[in-house]
Amino acid sequence: MKINTLICGLLLGVLFCSCGDNEASSPSNMEKNWYVIEYDPNASELDKLRYEIYDETGFAIFYNDTLGVQTRYDKGGKPYTYYEIFQPGYNFSSSFSSSKMSLLCDEGKLYTMVELLRDDVLLPYFNKPVARGRYGPHAFLIVDSLYKIENKKVILDTLKWDLGILVLSTRSMMTKEIVNNVNIYKSIDELTEEDKKEYGWRIAMLELQRYLEKNYGDEITAYYDITKESPDLDGYPHDLFEIAEKAKSYNYKQSATNNGIKEYNFELDNPRKYGVLRFMKVDANNVHFPSCLMDISEFTRMIYTKTDVEIRAEHGEFPMIIKRYEALLNLLKKSGLTQFIKEQ
């Protein structure tokens, strides 16, 4: 199943700022950290849980688009109340002005989602220091639905930014079935324990790809480029990940129309020969290679679930697989992301 059908409602890293004459004139604007959950002895059980998670992991979880309030002063010294509002759609260089979200009011579902973030996302994958930069968003925002205004379809996980707030829809979390080429999704109250673990893994992989590409660009590019050493692709101008990212494929049969992709005599039952652990799809005429996200997820899962001895015993006859495994393993160690490495 394709990764982008497993997690929906994700908008990674909407980095935003508030602007205005009053705000710009006050030096205290820079002093407030909006990603802090403060202790409140009179808080509800939900808010107590949010504080406990923040205290343990450093990650804030919100369920309201008002992140906080602050007393500020205008140029004449008159106080006023400032509300920091999360507005999906803006960062310093790009905009999502066509996005729309609806907040979740069901406290039971909110509590379940906060528990999921703690148990299946933050504690297993996000709770260790890294060597460079920041690993993970500044905060999580739980909503009911997240849509594109123009077609009212749920925004998929292909929409992501470098840093900021990760918005999670509880209504459309994983694909349940596909009816007439339309995805029918599971909501938070339909997820099994296995579903929750897979959901957590997908979020972790989205962040892992973002983090490595941002902070270790040369190393992760070298990891991807090992697949270019395949003799079967020698002389072809496009690497297989570029083909995958453009939603194209390699044609393996003579065809009148093959999108300009050269025909290759692929071994359809042996993706490891080409340096990948699996094909995304094989249809009547074409081989579809995995995207970068799918590929890094597959290799990281292998490293997370198997020892070095097991990996070499299973894949030792495929030099590119071993070379890519070693490259990613070394990068995980170098970056401090050892939570993805199985104890030997």
Side-chain angles (χ1 to χ4, degrees), residues 2-16 35 53-54 56-62 86 88 91 94 96 113-143 146 155-170 173-174 195-217 219-221 223-224 241 245 290-305 328-329 331-342:
K2 296 169 70 173
I3 276 184
N4 65 359
T5 63
L6 284 174
I7 305 180
C8 298
L10 273 70
L11 176 55
L12 181 57
V14 179
L15 186 60
F16 62 95
Y35 306 115
I53 294 172
Y54 174 77
E56 182 176 5
T57 69
F59 286 97
I61 301 173
F62 297 101
F86 172 69
N91 72 355
S94 305
F96 274 15
M113 188 65 180
V114 171
E115 285 186 316
L116 185 156
L117 288 175
R118 178 193 63 191
D119 298 337
D120 299 302
V121 179
L122 295 177
L123 292 181
Y125 306 125
F126 286 75
N127 203 25
K128 289 193 69 175
V130 292
R132 298 178 189 171
R134 177 186 176 87
Y135 188 77
H138 285 301
F140 296 85
L141 175 60
I142 301 171
V143 301
L146 188 60
I155 294 178
L156 301 178
D157 64 323
T158 49
L159 305 181
K160 51 183 181 283
W161 304 109
D162 284 342
L163 286 175
I165 289 184
L166 176 57
V167 183
L168 304 172
S169 167
T170 57
M173 298 183 69
M174 301 179 71
D195 288 338
K196 292 176 182 178
K197 285 182 171 51
E198 184 63 19
Y199 182 81
W201 178 262
R202 300 302 181 180
I203 292 178
M205 291 301 99
L206 283 168
E207 174 58 17
L208 179 64
Q209 182 193 26
R210 184 209 67 83
Y211 175 80
L212 293 179
E213 291 181 355
K214 179 178 177 63
N215 294 282
Y216 297 89
E219 293 92 332
I220 197 64
T221 297
Y223 158 79
Y224 292 135
F241 291 114
E245 295 298 334
S291 65
C292 292
L293 176 58
M294 293 176 66
D295 176 79
I296 202 170
S297 178
E298 291 290 324
F299 271 83
T300 304
R301 193 189 296 271
M302 177 178 69
I303 295 171
Y304 184 72
T305 59
L328 185 56
L329 177 66
L331 184 51
L332 292 173
K333 291 178 180 178
K334 179 179 180 179
S335 62
L337 295 169
T338 55
Q339 64 267 39
F340 295 109
I341 303 174
K342 182 178 176 64

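Interatomic distance, Met113 CE to Lys196 NZ, rounded to the nearest 0.5 Å: 10.0 Å. Rounded to the nearest 0.5 angstrom, Leu332 CG and Lys334 NZ are separated by 12.0 Å. In this structure, the separation between OH on Tyr125 and CG on Leu337 is 13.0 Å, given to the nearest 0.5 Å. Here Thr57 contributes atom OG1 and Leu122 contributes atom CG; the two are 5.0 Å apart, rounded to the nearest 0.5 Å. In this structure, CD1 in Ile61 is found 10.5 Å from CG in Leu166, a value given to the nearest 0.5 Å. Of the inter-residue distances, the one linking Lys128 atom NZ with Thr338 atom OG1 reads 2.5 Å to the nearest 0.5 angstrom.
With contacts defined as side-chain heavy-atom distances shorter than 4.5 Å, the pair Tyr223/Ile220 qualifies. The closest side-chain heavy-atom distance from Glu219 to Leu212 is not below 4.5 Å. The shortest side-chain heavy-atom distance between Ile203 and Asp120 does not fall under the 4.5 Å cut-off. Looking at Met173 and Leu116, their side chains come closer than 4.5 Å, going by heavy atoms from C-beta outward. Taking the side chain as every heavy atom from C-beta outward, Glu213 and Tyr224 approach each other to under 4.5 Å. No side-chain heavy atom of Leu117 sits under 4.5 Å from any side-chain heavy atom of Ile53.
The two atoms that bring Ala60 and Tyr54 nearest to each other are N-CD1, 3.9 Å, heavy atoms only. Closest of all the heavy-atom pairs between Pro137 and Phe59 is O-CE2, 3.2 Å. Scanning all heavy atoms of the two residues, the minimum distance from Ile296 to Met205 falls at O-SD, 4.3 Å. Closest heavy-atom contact between Phe126 and Val121: CD1-O, 3.2 Å. Taking all atoms of both residues into account, the shortest heavy-atom contact from Ser169 to Tyr199 is O-OH, 4.4 Å. Annotation for Phe62 and Ala139: closest pair CE1-CB, 3.7 Å, computed over non-hydrogen atoms.
Under the 3.5 Å distance criterion, the side-chain polar atoms of Thr300 are left unmatched by any main-chain donor or acceptor of Ser297. A donor-acceptor distance shorter than 3.5 angstrom exists from the side chain of Ser291 to the backbone of Met294, with no hydrogens or angles considered.
The aromatic rings of Tyr35 and His138 sit parallel to each other, their planes meeting at less than 30°, with 60° as the upper class boundary. Classification of the Tyr216-Tyr211 ring pair by plane angle, with boundaries at 30° and 60°, yields tilted.
Between Glu207 and Arg210 a salt bridge is recorded (basic side-chain N to carboxylate O distance below 4.0 Å). Here Arg118 does not pair with Glu56 in a salt bridge; the nearest charged N to carboxylate O distance is not below 4.0 Å.
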